[in-house]
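The basis for the numbers below is simple: all heavy atoms, side chains too, and nothing from hydrogens, waters or symmetry mates. Note that this is a predicted model, so its numbers are computed, not measured. Within every chain, numbering begins at 1; the chains are lettered A, B, ... in the order of the sequence lines, protein sequences first and strands thereafter.
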Protein chains: 2
Amino acid sequence: MDDSSTRPRSSRSTGSARLTDVARVAGVAPMTVSRALNRPELVSETTRLRVQRAVLETGYVPNRVAGALASSRSRLVALLVPTVAHSLFAEVVQTVMGVLAPQGYQVLLGLTGYTPEQEETILETVLSRRPDGIVLTGCRHSTLTRQRLQSASVPLVEIWDMSDDPLDMLVGFSHDAVGRAVAEHLLARGYRRFGLISADDSRARFRVAGFVAGLEDAGEGEYQLREVGTPSSMPWGRDKGAELLDGHSLDAIVCSSDILALGVLAEAQSRGLSVPGQLAIMGFGDSSYAAASFPALSTVRIDGAAIGLRAAEHLLQRMAQPTFERAARTLDVGFEIVDRDTT
Amino acid sequence: MDDSSTRPRSSRSTGSARLTDVARVAGVAPMTVSRALNRPELVSETTRLRVQRAVLETGYVPNRVAGALASSRSRLVALLVPTVAHSLFAEVVQTVMGVLAPQGYQVLLGLTGYTPEQEETILETVLSRRPDGIVLTGCRHSTLTRQRLQSASVPLVEIWDMSDDPLDMLVGFSHDAVGRAVAEHLLARGYRRFGLISADDSRARFRVAGFVAGLEDAGEGEYQLREVGTPSSMPWGRDKGAELLDGHSLDAIVCSSDILALGVLAEAQSRGLSVPGQLAIMGFGDSSYAAASFPALSTVRIDGAAIGLRAAEHLLQRMAQPTFERAARTLDVGFEIVDRDTT
DNA sequence: CGAGGAAATGTTAGCGCAATCAATTTGTAT
DNA sequence: ATACAAATTGATTGCGCTAACATTTCCTCG
C-alpha cells in the first residue's frame, strides 16, 4: 500500500475527511468520488457501492463551500421578507422552503424590516454568497438595489406586489385593487363612515390609497385614518380602535391585517357594541384565526401559500435552464373578499 | 502600464470583477485589497481610500464562498426550527437574526417539521455548508444527528427544551414543569374535570405528561385528551373543543397553544357558555392576541425573544473565542402562568 | 545620520472541490 | 478476431480568496 496520494495536512486544513481521503479508501480517483456523490448515474454500480462504503468509513461530510466555488453553483436561494413574525410571510417562507428543499436547495433567510435601507444592506451581503436564485418581497427597491440585481444576473422573483416593470419574474397581487374592492364592497353594504387602521409599511399604505380612491370614485363615504407601528398586534388594534370609536361615530373599521381587526373586535365586545350591527369590522390576510373568531371575521384572503409555491416553481424553472432570459413573467394571484360575520 | 497581472479569464470564470481586478485598478496587491475590506485597521488611510474607489469603479462584490473556503470561516449560522408558521418560533427566528445580522453573520434556515428524520436530513445538508454555529430546536435527536454534531465540533445551542446532557449549550425551559404548574394552578382554582387538547409533537406531549403527573401528585382531577394534527390552528381548537364538550362535562380545557385556545373560546361563545363561569380555558405561549382577546386568554408565557436572544449571544461568544470548550452551559429561561379572564 | 522596531504591503501557497479533456475499459456488430 | 462506439474512470487545472510568512516603508531616538 502506498500513500503517496496523502499529502500531509497543511496547517490550514480543517482536519475532517476530504474527498481525497474517501478516494484513497475506496481505491479510486477523487473525481470518481465526486461523480459517485453528485451524479451517480455516471458511475458503475460497483464503484458507487465502494464509494458509499468509504464515505461511511471515513465519516466524510461533503464541503459544499468548496463545491460551490469550483462549480459556480451554490445551491442556495436567498429569501428576503420583511419579517417572519407575520403569519402571511411565515406562510410564504414555509411554502418556498417546502418546494426548494426537496430539490436540494437551501435557503438563506434575510429579514428586511420594512425599509429599503435594510433591504439594500442585506441584499449586498446576500449577493456575496452567490445564490443561485433570489426571492424578494416587494417591487420598490432603492436604485442601488436595482443596479446590483441587474448586474448580478441572478434568477429573481419579486413577490407580494404588482408592478409594470418587474426586474425579472413577479408573483403577487395588486394592493391598490384590494383597497378599491374593499371600498366597493362595504359601500354596497351600506356602510359610509369608515375608520381605517393601517400599518406603516408601503404596501399597507397602497391598500389605504386604493380604498380612498374607491370612495372617491363612488363619490360616497368618509374616513378617519390611524397608523400603527411595527409589528402589528392585537393590542395596537384595540388601542387605535378605541381611539377611533372615542372620537368619531363610525359604521365600520377596516384594518390592514387580521390581527389588528381582532383587536378592534375585542374592543367592540368590551364596549358591548354589537358586531356588525353597530360596528362592522374588516381584516386583511385571512389568517387561520379569522375564520374561527366569534363572530367570524370578514377579511381579504391572500393565498400566501400560492405565492410561495408559484414563486419557488418559477425560480426552479429558471435556475434549471441555463439560458437565462430576462423576459419578465408576471403572475397575479389575486385576492378574495371573504364575507363572514363582522360586516 | 503593464497588465501582466491580468490572467485572461478562463472559461470557468464567472465574469464579474474579482479581488484581483480591484487590486489592479487600485494599483496594490490583492492581499492588500482583502485587508482593506476585511480588516481595514491594518491598512493605511490612503490605500483604504484607493481601494474603496476601485471597488466602486469595478462594481466589485466580494465572493464569500471563496473567502469561506480560504479562511475556514463561513460567517453562516444555521437555525433549525420545526416551523415558522407558529408565532413562538417566528419570534425566535426574528430575534436570533436580529442579534446575528449586525455581527456579520447570515442565517441558513432549516425547517425540521416535527420529526427527527427531517432534522437528520436537514442537518446533513446544513453541515456541508460548514456553518460557524448552529441553533437547534429541541434536545431529542437521532443517534446519527448526535454523532454528526459531536464530530463536527461546531458551536451549538439547543433551544426550547431542557436536558441533563446537552450536546453543547442549552437555552430553554422545562415542558414537564409547565404541565405540572398548570395542573397545580387550575386545581387550586377549584377546577377538577379537564379537557386537554395537544398538538402531536413531542414537546407538547411532555407538557401533557407533566400536567397528568401534576394531577396524580395532587390525587385529584380527571382528564380527557385529544390530539390535533400539525399545524395547530383555530379551527382545530374549535373542532376538538366541540368534541370534548359534546361528550363530557368539563370545568376547563387546557390547550397546547394559544391558537387552539382561541378556537375553544370561539366554540364556547357560539354555544353561549360563559367563560370562565361554565368553562375555563387555558392556552400556551402568550401570543400577541392572547392578551387582547375577549375575554382575555389565560395562558403560559414563554419568552421566545429571550430564548432567541440568549441563544444568539451564547453562540456569538463561543464563536468569538477560538478555544472551543465543550463545557456545557445551560440556561433555563423559565415560564410564567398568566392568569387573565378565561380561568 | 544610522540603528532598530513598528507599520504597511507584498509573495507564495493552498482551501476542497468539479469542469474539462484524456485515457481506459466495456460492449457491439461485423 | 477486429473495428468502432459507448461507458466509465482518471489527471490536470483553477474557482476567488486568505493564512502565513517575507519584504519594504516609515518613524523614532540616541
Of M31(A) and E41(A), whose nearest nucleotide on DNA chain D comes first from the 5' end?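 First, find each residue's nearest nucleotide; the 5'-ward one identifies E41(A).
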
Given atom [atom1] of [X] and atom [atom2] of [N], what is their separation to the nearest angstrom?
X	N	atom1	atom2	value
N63(A)	dG14(C)	CG	C1'	14 Å
R73(A)	dA19(C)	CZ	C1'	13 Å
E45(A)	dT25(C)	CD	P	21 Å
L19(B)	dG10(C)	CG	C1'	13 Å
L42(B)	dA6(C)	CG	P	15 Å
L37(B)	dG16(D)	CG	P	16 Å
R129(B)	dC17(C)	CZ	P	13 Å

Phosphate oxygens OP1/OP2 of [N]: is one of them under 4.0 Å from a side-chain N or O of [X]?
X	N	value
S44(B)	dA7(C)	no
T32(B)	dG10(C)	yes
S34(B)	dC17(D)	no
T47(A)	dT9(D)	yes

Assign each of G27(B) and A70(B) to its nearest nucleotide of DNA chain C by heavy atoms, then name whichever residue's nucleotide is nearer the 5' end.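 Taking each residue's closest nucleotide, the earlier one in sequence belongs to G27(B).
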
Quick check on side-chain hydrogen bond (donor to acceptor under 3.5 Å, both in side chains): which of R146(B), E120(B), E158(B) does H141(B) satisfy it with?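 Looking at R146(B), E120(B), E158(B), the match for H141(B) under the side-chain hydrogen bond (donor to acceptor under 3.5 Å, both in side chains) is E158(B).
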
Compute whether any side-chain donor of one residue and acceptor of the other, for Q106(B) and R75(B), lie under 3.5 angstrom apart.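 Absent: no donor and acceptor within the cut-off.
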
Using a 4.0 Å heavy-atom cut-off across all strands, classify V65(A) as base, sugar-phosphate, or nothing.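 Contact class for V65(A): none.
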
Mind checking if L69(B) touches a base, just sugar-phosphate, or nothing, with heavy atoms under 4.0 Å?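 Base contact - L69(B) has a heavy atom under 4.0 Å of at least one base atom.
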
base_contact_polar (dG10(C) base, R35(B) side chain, donor-acceptor, <3.5 Å): yes

When you measure only distances, ignoring hydrogens and angles, does the side chain of R130(B) come within 3.5 Å of the base of dG16(C) through a donor and an acceptor? no

